[in-house]
Amino acid sequence: MRSRTRRHLGLAVAGVLAVPLTVLGVHVTHPRDEDGYLAHLRKYGDRQHDEPLRTLPPTADLIAEGDAACEWLREQPCALWRHDRRTGQAPFAGTPASS
């Protein structure tokens, strides 16, 4: 009985610690890199042509747009809880409706 309780308690503690450790790990392994972001925009920012951008808008404007995009994404519901506005169902529920 005691070993079963310890096992359950150990699993519960591991589960509780897994989330903050995962978030911390993501922040450590993927630090904010403004220079890398700007280099990416210079190289791949023009979707109409296969050429790098010659000039970029002011850096502060680009960083502000990136932050706004992150804020918007942060406010979106997790995909597992998102529902289709037309049907009210989760996108993965059932078979696709025939059109």
Side-chain angles (χ1 to χ4, degrees):
M1 182 76 166
R2 235 181 213 190
S3 92
R4 180 186 240 180
T5 303
R6 284 185 184 168
R7 189 176 310 136
H8 288 288
L9 184 61
L11 286 173
V13 169
V16 169
L17 290 177
V19 172
L21 289 176
T22 301
V23 171
L24 180 66
V26 168
H27 283 288
V28 169
T29 58
H30 297 88
R32 182 179 174 125
D33 182 9
E34 292 179 6
D35 292 331
Y37 174 63
L38 294 173
H40 176 81
L41 286 178
R42 270 188 215 94
K43 187 169 184 179
Y44 302 109
D46 188 359
R47 294 184 178 181
Q48 280 73 25
H49 306 16
D50 289 335
E51 300 173 1
L53 289 177
R54 293 187 180 164
T55 59
L56 287 176
T59 301
D61 292 347
L62 291 173
I63 299 300
E65 282 297 317
D67 287 342
C70 289
E71 185 64 32
W72 176 84
L73 188 59
R74 191 176 299 118
E75 292 172 0
Q76 300 307 305
C78 180
L80 293 176
W81 287 272
R82 200 174 311 155
H83 295 292
D84 187 344
R85 290 185 179 122
R86 294 171 291 163
T87 64
Q89 293 181 343
F92 51 81
T95 59
S98 59
S99 40

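Throughout, numbering of the chain's residues begins at 1 and tracks the sequence. Please read these numbers as outputs of a predicted model, since none were measured by experiment.
- Partners of E75 by salt bridge (charged side-chain N to carboxylate O under 4.0 Å, His left out), not counting sequence neighbours: none found.
- Distance check, rounded to the nearest 0.5 Å: CG of D67 to CZ of R32 gives 4.0 Å.
- In this structure, E65 and D61 have side chains that are not in contact, with every pair of non-hydrogen atoms separated by 4.5 Å or more.
- For the pair T22 and A18, the tightest heavy-atom approach, listed with the atom from each and the gap, is OG1-O, 2.7 Å.
- None of V16, L11, L17 except one satisfies the side chain to side chain contact (heavy atoms under 4.5 Å, CB included) rule with V13; the exception is L17.
- Of all non-hydrogen atoms in I63 and Y37, the two that sit nearest each other are CD1-CD2, 3.9 Å.
- Here CZ of R4 is found 8.0 Å from CZ of R7. Values are rounded to the nearest 0.5 Å.
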